[in-house]
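Below, read A as the first sequence line, B as the second, and so on, with proteins coming before strands; counting in each chain starts at 1. Note: hydrogens, waters and symmetry copies are ignored here, and every other heavy atom, side chains too, is used. Everything numeric here is computed off the predicted structure, so don't read it as measured data.
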Amino acid sequence: MATATASHTPEDVFDVEAIRAQFPILSEEVHGKSLVYLDTGASAQKPQLVMDAVDDMYKHAYSNVHRGAHRMSELATDRFEHAREQVRSFLNAAHSHEIIFVRNGTEACNLVAFSYAKKFLQEGDAILISEMEHHSNIVPWHMVAEEKGLRVLAVPVTDDGGFDMDAYDRLLEDGVKLVAVTHTSNVLGTVTPAKEIIRKAHAAGAKVLLDGCQSAVHMPVDVRDLDVDFYAITGHKLYGPSGIGVLYGKEELLNAMPPYQGGGSMIKTVTLTKSTYAPLPAKFEAGTPAIAQAVGFGAALDYMRSIGLDAIRDYEEDLRAYATQKLSAVPGLKIYGTMPGKAAVISFTLDKAHSHDVSTILDRHGVAIRAGHHCAQPLMDRFGVAATARASFGMYNTRADVDRLVEAVEFVSEIFG
Amino acid sequence: MATATASHTPEDVFDVEAIRAQFPILSEEVHGKSLVYLDTGASAQKPQLVMDAVDDMYKHAYSNVHRGAHRMSELATDRFEHAREQVRSFLNAAHSHEIIFVRNGTEACNLVAFSYAKKFLQEGDAILISEMEHHSNIVPWHMVAEEKGLRVLAVPVTDDGGFDMDAYDRLLEDGVKLVAVTHTSNVLGTVTPAKEIIRKAHAAGAKVLLDGCQSAVHMPVDVRDLDVDFYAITGHKLYGPSGIGVLYGKEELLNAMPPYQGGGSMIKTVTLTKSTYAPLPAKFEAGTPAIAQAVGFGAALDYMRSIGLDAIRDYEEDLRAYATQKLSAVPGLKIYGTMPGKAAVISFTLDKAHSHDVSTILDRHGVAIRAGHHCAQPLMDRFGVAATARASFGMYNTRADVDRLVEAVEFVSEIFG
Amino acid sequence: MLDELRELYQEVILDHGKNPRNFRAMDNATHKAAGRNPLCGDQLVVYLAVDEDGKVADASFLGKGCAISMASASMMTEMVHGKTPEDAERLFENFHTLCTTDHTPDAPEGLEDEVEKLEVLSGVRQFPSRVKCATLSWHTMDAAIKGEEEISTE
Amino acid sequence: MLDELRELYQEVILDHGKNPRNFRAMDNATHKAAGRNPLCGDQLVVYLAVDEDGKVADASFLGKGCAISMASASMMTEMVHGKTPEDAERLFENFHTLCTTDHTPDAPEGLEDEVEKLEVLSGVRQFPSRVKCATLSWHTMDAAIKGEEEISTE
Ligand SMILES: Cc1ncc(COP(=O)(O)O)c(C=O)c1O
Ligand SMILES: Cc1ncc(COP(=O)(O)O)c(C=O)c1O
């Protein structure tokens, strides 16, 4: 209550209208209603300045990178490598060559699976995931486990959506060589105790991949402070273009790993019978990269930093608290994931209506949420539901958006009695 | 001579000025000179309408695809799947689910290597490439060969840059299960006799991957007429955005192949211990795809078709002939690749100047060409050169561009005596 | 716009959705198939018992899903009862047209009543992404009749 | 703009480029390393023979490359002759600054003549992508002195 009625809310200091003005799509109408976009967890909308950064490159500084000895190629390479430096600085990595550009968060996980785990784990070794992982941090492990005879273990999730630390302590003992867990759950909003997870894993001799696809959008991330070995992020969830993601990896690990895909730019020499490989980061970036998307991504990250990651976190925390309070008042509505410090992601079910019906009805109210298993079927199984509805917030959402959400949910109750 | 002085050149009927007007970067200046971009072989420039298609999506129809039950998600999915249909139609594939979106041409080759070859080739089997392959059609085969104990054989290149068909006939007998050759050489411009290659491979029981990264930009491609099993193309060389490519594969082959990367969207069911996979094309598109880039790519292909692939080919053939004639007149200049029907790609060396010096000097004249091994080191070895200079043409180039190129090359001769 | 919602979620649908008929497994099924909509996670199993006369003597289903898919499955099991598999397929075709086009197709001879009843689901036309929910059970029945074990509507 | 080209490709550079000095392998080298610029494919091997007095008694190189890299390597082998490895490293540092910044650094004591000679290569400053060509041989010599076998300038 206090949060909802306080006279000084973060909205007063956080200029959300200026932010909204950067996002053209927020002025769209859907079914005759102004759009309330609460599906940032699936993909964030794009600020004009990201589109501009991409177009500016295509108009003034485009060519393939690293290859030409002409001016356009130099300009393009400078912008592309500047983007790498922007990501480095955003994550506070030690070196920009620890930043590997990939397609998306999924590919970042696959790279660790098919380069690191495939090479360094031995038959019988275990990979430890958790019950709240996104499929992109589950399926690659199944695939490499099948190929190499590895075991995939999972840390259970507690009833309030927490990471079961006691179970983790026990499971770590069971031959675990790699821990691959989410930093923030895309369903529960739970922020896992990453530092503790990493410290314990290292003590047990295991490396750690954090799936940060849902974290960096809600809070500052510092890979060196975390001391994490690998960190996956995805551009389209960070207000950047689609088609670009990043795997951060510690230099000595990336150096030791074999390449992932073969092709141009990642080689040192090629003869008809043998290839040798280039140093980082080129070794992992075969072929022409997503040049302009990397540049757009860099612009998105700088934009977030200009607003302030702490400010974004505080602002979204207020929205989350407000939305939680209002939704909790709806009869028959159950929220999944109630851990303190959780991110602005609210999954819920209504006792009388299936989530799919909820999302259809909300959509006709102009409110875009997502319904389904959210690519987290094991977590659905854990909570015994086939699907949930999920409202996920971005820095451009407002309390007015929450009110529209709640109004529409009340209409669902009206229809389903 | 006839070509160069004919009063009716293809420029008369082909409205190159209208095309140039679509490409903002062509109005740029480089070192105080108007840009002459002859590096389309490395990456093509982008028409305004491609940027517009991407931005329009971000402004009016963006969301993640295939996942939501809200309007923006439906709109985004429709545009994304429409792009797949545009590619299908461009390549004349039978089904749109035979079109797999990947990052680039390199990834398309890797997908065939790590899904098809890894599963279906057995120890001792051979993969047959050629001496004129791009590294992206060499290195993946080295990687999978090392892993599986396969052999990589290569068809020699003749002195005029042709595909040595006699050698091919012989090599095919040697346990070849997969032929992976280029459709058009990025260095020599050679268009390989693809239909004959494919027919013979099929007769020998081998499948064929054509690397079409340099073909589709210069001429119409029909995968059904070719009867090719796999065909790789890359968006950024086809006037599309960076970060998007396509692997075409025959339905029955793709269906039989295991997935390539694991993650969201490519699964049917996931439990903590097992995953099962979705049907085509989803099985090969793990995670959030390059949504907006696919849409931009579709727009680029439609633009090319609106001009006409035959018209583009004829126009570029005239440019190639004109440029060949003019360059051949420069003393000490040698052209690599002189096959009839070759594409508008001219690699050359000067006897007195290293290619790197050539490209620097041309760059100061505003002429962007590429110098180096062009990611084709085995081909460089074949011709006993460390590097060549390469001028590669697009539909926006003109005879005036050729004149600027030749002028600048003459300046090189002036300096190097 | 909200009118469209009211048309989609009519009383009869909400009723079938809440209290699905023939919601049970069947031991003596002659035909059985599982259907799944991987997008939303809906899945159901359809059972048919075709008797010696070649008529559907019993039809039932089990599964989880939204109101639309549950109601559609429930109505389907009621409707195919006593029909030949061929008639059931004819109804499916008719229903498919109803859901995916703008017009209500002519009813096949002898199936006028059924077609009329199905019209209650025609509101789904305004909701393209929900058409699969409405047709999942029918696709699954079709698979069962054809002897397939599993279908996936994506 | 073309003036910059003329400044880069001065007579002395074209001469060294065409007729590189000390262009040969060396059997009795005490130090040897291979350098490669993967971007353009340039590669060369640098040989040094350091005598008992700790001076470079012989320096040579082999390889393929552009005029800039050949001229720079040729001049380098002439210049380090008779110097201690420490002086050679000092020259490298000086040369690196010359190529990558806007000012000509002060010459280390006793190396004034060499530094003056190297200035002929300062035109490369206007060509950022060519700096690696000019410095490849020096990097390789540095690697040889430090006992590394191979370097790659990317
Ligand atoms: C927690 C989490 N991990 C990974 C991913 C995969 O990201 P992408 O779809 O960009 O590959 C997502 C998003 O879908 C996610 O929410
Ligand atoms: C013949 C050929 N194949 C493959 C490729 C690889 O394409 P990409 O760099 O888009 O992966 C290229 C371009 O670099 C090419 O010219």
Original post:
Where do B:S43 and A:S63 come nearest, in terms of heavy atoms and distance?
Top reply: CB-C, 4.4 Å

Subject >> Toward chain B, the part of A:K46 with a non-hydrogen atom under 4.5 Å >> reply: side chain

**OP:** Select one option (side chain, backbone, both, neither) describing which atoms of A:Y260 are under 4.5 Å from chain B's heavy atoms.
**Re:** both

Subject >> Over all atoms of both residues, closest heavy-atom pair of B:Y58 and A:Q45 >> reply: O-OE1, 4.2 Å

Original post:
Contact part of B:A294 toward chain A, heavy-atom cut-off under 4.5 Å: side chain, backbone, both or neither?
Top reply: neither

Original post:
Of all of A:G243, A:P378, A:A61, A:G245, which one pairs up most often with chain B through heavy atoms under 4.5 Å apart?
Top reply: A:P378

Subject >> Residue among A:C109, A:S136, A:G235, A:G105 with most heavy-atom pairs under 4.5 Å to chain B >> reply: A:S136

Subject >> Heavy-atom proximity to chain B below 4.5 Å, by part of A:T234 >> reply: neither

Subject >> Under 4.5 Å from any heavy atom of chain B - which part of A:M266 >> reply: side chain

**OP:** Below 4.5 Å from any heavy atom of chain B, which atoms of A:E29 appear? Answer side chain, backbone, both or neither.
**Re:** neither

Original post:
Quick one: which of A:E146, A:H142, A:H135 gives a side-chain hydrogen bond (donor to acceptor under 3.5 Å, both in side chains) with B:S275?
Top reply: A:H142

Subject >> Test log, rule side chain to side chain donor-acceptor pair (under 3.5 Å), inputs B:Q377 and A:T271 >> reply: CA-CA 7 Å; B:Q377 286 184 356; A:T271 66; over 6 Å; no

Original post:
Do you know which of A:I138, A:I267, A:T360 has the most heavy-atom pairs under 4.5 Å to chain B?
Top reply: A:I267

Original post:
Roughly how far, to the nearest 0.5 Å, is OG1 of A:T288 from CD1 of B:I244?
Top reply: 13.5 Å

**OP:** Determine the option with the most heavy-atom pairs under 4.5 angstrom with chain B, choosing from A:R382, A:Q48, A:R151.
**Re:** A:Q48

**OP:** Apply the test side-chain contact (heavy atoms from CB on, under 4.5 Å) to residues A:L272 and B:V152: give CA-CA distance (whole Å), side-chain angles for both, the deciding distance (0.1 Å), then the verdict.
**Re:** CA-CA 8 Å; A:L272 285 171; B:V152 178; over 6 Å; no

Subject >> Region of A:L75 that comes under 4.5 Å of a non-hydrogen atom in chain B >> reply: neither

Subject >> Side chain, backbone, both or neither of A:S130 within contact of chain B (heavy atoms, under 4.5 Å) >> reply: backbone

**OP:** Could you tell me which non-hydrogen atom of B:P24 sits nearest to which non-hydrogen atom of A:K59, and how far apart they are?
**Re:** CB-CG, 3.7 Å

Subject >> Heavy-atom side-chain proximity of B:D55 to A:D55 below 4.5 angstrom >> reply: yes

Subject >> Pair A:R71 + B:E28, salt bridge at N-O below 4.0 Å >> reply: no

**OP:** Quick one: pull up CG in A:N64 and OG1 in B:T40 and give me the separation to the nearest 0.5 Å.
**Re:** 11.5 Å

Original post:
For chain A, which of B:G366, B:A76, B:A376, B:A286 has the most heavy-atom pairs under 4.5 Å?
Top reply: B:A286

Subject >> Between CD1 on residue A:I369 and OG on residue B:S73, distance to nearest 0.5 Å >> reply: 12.0 Å

Subject >> Distance-minimising heavy-atom pair for A:N110 and B:Q261 >> reply: OD1-CA, 3.3 Å

Subject >> Nearest atoms (heavy-atom pairs only) where A:C375 meets B:G264 >> reply: SG-CA, 3.9 Å

Subject >> Which portion of B:L35 sits near chain A, non-hydrogen atoms under 4.5 angstrom >> reply: side chain

Subject >> Side-chain donor/acceptor of A:H70 to backbone N/O of B:R364, under 3.5 Å >> reply: no

Subject >> Nearest non-hydrogen partners of B:P259 and A:M143, listed with the distance >> reply: O-CE, 3.7 Å

**OP:** Sort A:A145 into side chain, backbone, both or neither according to what part of it lies under 4.5 angstrom from a heavy atom of chain B.
**Re:** neither

Original post:
Side chain, backbone, both or neither: which part of A:A113 has an atom under 4.5 Å from a heavy atom of chain B?
Top reply: neither

Subject >> Most chain B-contacting option - heavy-atom pairs closer than 4.5 Å, from A:T269, A:I129, A:D381 >> reply: A:T269

Subject >> side-chain contact (heavy atoms from CB on, under 4.5 Å) between B:I25 and A:H60, worked out >> reply: CA-CA 6 Å; B:I25 206 168; A:H60 304 297; 5.8 Å; no

Subject >> Spacing of B:S242 atom OG and A:F80 atom CZ [to the nearest 0.5 Å] >> reply: 9.0 Å

**OP:** Report the distance from atom CD1 of B:I291 to atom CG of A:N104, rounding to the nearest 0.5 Å.
**Re:** 10.0 Å

Original post:
What distance do A:D39 atom CG and B:Y62 atom OH have between them, rounded to the nearest 0.5 Å?
Top reply: 10.0 Å

Subject >> Top contributor to chain A interface from B:E133, B:M380, B:H374, B:E147 [non-hydrogen pairs under 4.5 Å] >> reply: B:E147

Original post:
So, are A:R103 and B:E107 salt-bridged, with charged N and O less than 4.0 Å apart?
Top reply: yes

